[in-house]
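Report on one structure; see the data block that follows.
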Amino acid sequence: MEQYVMKGGRPLCGDVVIGGAKNASLGVLAAAVMTDGECLIENMPDVRDTNVMLQAIEGVGGCVERIDANTVKISGRDISRESTIVDGEYIRRIRASYYLLGALLGKYKRAVVALPGGCDIGSRPIDQHIKGFRALGAKVDISGGMITAVADHLRGAHIYMDVVSVGATINVMMAAALAEGNTIIENAAKEPHIVDVANFLNSMGANIKGAGTDVIRIRGVESFHGSEYAIIPDQIEAGTFMTLAAATGGDITVKNVIPKHLEAISAKLAEMGCTIHEYDDAVRVDARERRLTCTQIKTLPYPGFPTDMQPQMAVVLALSEGTSVITESIFENRFKYVDELTRMGAKIQVEGNVAIITGVSKYSSADIVAPDLRAGAALVIAGLAAEGYSTVESIQYIQRGYERFEEKLKGLGAEIALVDSERELQKFKLQVV
Ligand code: UD1
């Protein structure tokens with residue numbers, strides 16, 4: 001079973017180039033099936049989630065031509081109304097396969113997708129997606145674990161989202177883009193990937209205004225044409241490397257980023273004592289000067305502090321002086337990494353959706369298990385901050401969203417390897433003393 005082995009305890013320094021945003025890619029790839037033309041999509045991260053989405057697209061009859069690891073051509077020309085069934089297999093592997101619901105419903109006026117269940121970070125209802133599709137005139141039926149959405153015509157509507165939801169905003173925006181007439185989505189999510197998916201749809205001929213604000217206005221068009229599009233940089237991958245600098249007392253420049261998307265993370269790290277330098281398309285985090293201090297964090301929809309950065313930040317706070325408080329307000333079960341971090345010496349008490357963290361001066365090395373994608377990356381950071389050898393198992397979660405993670409870490413001076421057997425693990429320990 002693949003795992004990471006690392007010898008931590010040294011400050012990590014240098015430059016790291018950030019890839020395309022995983023979450024934006026999932027929306028953009030799904031949206032690409034909405035045209036019979038050809039879409040050339042660049043800067044797509046080559047990670048498990050995007051690869052599963054491409055398989056799901058092929059599964060409904062979409063044409064996928066991989067140009068290279070980060071570039072793909074997609075066309076929906078061979079998809080028929082009858083083939084718009086997304087196998088439950090894909091939904092089990094990535095929830096975001098449900099973006100095909102909005103995309104297929106918009107273009108083919110029919111989509112059948114397995115109902116996504118809960119997941120490792122808590123129950124995740126999709127009532128707002130369904131509410132949006134119904135408002136557009138679709139008949140949505142849930143039975144036997146499948147969601148079937150069908151319509152003769154989709155008609156624009158005024159939709160108020162009861163919860164700020166990234167997924168529902170993207171899904172409804174896609175379907176509405178090919179509906180007749182105007183749609184207004186109120187209380188829309190404002191995350192950078194909403195803007196990216198809207199920009200991509202507009203590049204195919206959609207008429208969407210206001211993405212990035214909480215009111216999105218969509219004038220439906222009849223059809224889309226092909227397009228060439230490059231995905232935005234990954235806010236969360238960048239943030240992960242920024243917290244790596246902070247946790248190891250290092251100095252890391254994340255390159256090829258949009259600094260504005262990182263403001264909530266930069267601001268918290270600065271508050272804790274890191275020196276932050278912002279450039280046009282890079283951010284440098286220098287944490288070499290002194291021990292960082294405690295702070296309070298509450299996860300919120302964008303532009304608030306992202307829930308996907310909560311575990312990585314906890315790893316830094318657990319090493320910072322004083323008592324910090326993290327309030328998780330988006331997902332109910334996002335402190336599953338705390339037990340593992342406690343085994344490394346962290347002092348964290350969880351009460352409901354609040355974690356109270358008393359800073360310790362160092363972690364001890366340990367053999368740990370990644371509970372999910374972002375928490376997995378956070379535990380690797382903890383292992384790299386701890387002196388001695390640590391291992392992280394269940395790295396398939398991390399591979400869902402981080403491209404060439406160990407390679408990028410090595411480029412910053414980390415002693416880390418991906419090993420697949422006890423023999424390889426022992427070899428690493430003999431080589432790295
Ligand atoms: C997306 C991201 C995920 C991130 C999350 C919050 C992707 C592929 N995933 O997930 O990495 O952690 O945004 O930034 O982009 N909710 C409802 N009803 C709904 C939909 C959502 O009650 O119909 C609730 C959820 O339970 C949650 C909150 O709304 O408490 C936010 O969820 P949402 O923004 O939809 O997250 P995802 O799109 O699933």
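Order of appearance sets the numbers: ligands from 1, and atoms from 1 within every ligand. Since the model is a prediction, treat every value here as computed from it, not as a measurement.
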Close-contact set for ligand 1 against [X] heavy atoms, below 4.0 Å:
{"X": "R334", "result": "12 (O)"}
{"X": "H193", "result": "15 (O)"}
{"X": "Q128", "result": "18 (N), 19 (C), 23 (O)"}
{"X": "I126", "result": "19 (C), 23 (O)"}

Heavy-atom nearest option to atom 28 (C) of ligand 1, drawn from I194, T299, I330:
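Answer by nearest heavy atom: I330.
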Would you mind finding which of N171, I130, T307 brings a heavy atom closest to atom 6 (C) of ligand 1?
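Looking at heavy atoms only, T307 sits closest to atom 6 (C) of ligand 1.
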Of the backbone atoms (N, CA, C, O) and the side-chain heavy atoms from C-beta on, which set of [X] has a member under 4.0 Å from an atom of ligand 1: side chain, backbone, both, or neither?
{"X": "A168", "value": "neither"}
{"X": "D127", "value": "both"}
{"X": "Y302", "value": "neither"}

If you measure every N or O of [X] against every N or O of ligand 1, does any of those distances drop under 3.5 Å?
{"X": "G167", "value": "yes"}
{"X": "V166", "value": "yes"}
{"X": "S165", "value": "yes"}

Among K22, E237, R48, R374, which residue satisfies the side-chain hydrogen bond (donor to acceptor under 3.5 Å, both in side chains) criterion with Y402?
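The residue from K22, E237, R48, R374 that satisfies side-chain hydrogen bond (donor to acceptor under 3.5 Å, both in side chains) with Y402 turns out to be R374.
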If every non-hydrogen atom of F133 is compared with every non-hydrogen atom of V140, which pair is closest and at what distance?
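Looks like CB-CG2, 3.9 Å.
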Under a 4.5 Å cut-off applied to non-hydrogen side-chain atoms, are V315 and L341 in contact?
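Contact flag for V315/L341 side chains = yes.
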I want to check something: taking the side chain as every heavy atom from C-beta on, are L136 and T183 in contact at a cut-off of under 4.5 Å?
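Of all side-chain heavy-atom pairs linking T183 with L136, at least one is under 4.5 Å.
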Any sub-3.5 Å donor-acceptor pair from N43's side-chain atoms to I231's backbone N or O?
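Present.
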Check: G37 main-chain N/O paired with S75 side-chain donor or acceptor under 3.5 Å
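Between the backbone of G37 and the side chain of S75 there is a qualifying donor-acceptor contact (under 3.5 Å).
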Is there a side-chain contact (heavy atoms from CB on, under 4.5 Å) between V33 and K107 once you walk through the steps?
CA-CA 8 Å; V33 306; K107 167 89 193 299; over 6 Å; no
Determine the sole option in R66, R400, R404 for which the salt bridge (charged side-chain N to carboxylate O under 4.0 Å, His left out) test with D46 is passed.
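Of all the options given, the one that passes is R66.
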Identify, with sequence neighbours excluded, every residue that meets ring pair (Phe, Tyr, Trp, His ring centres under 6.0 Å) alongside Y363.
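Per chain and number, Y363 pairs via ring pair (Phe, Tyr, Trp, His ring centres under 6.0 Å) with no residue.
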Does even one non-hydrogen atom of A189 get within less than 4.0 Å of ligand 1?
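So A189 does not count as touching ligand 1.
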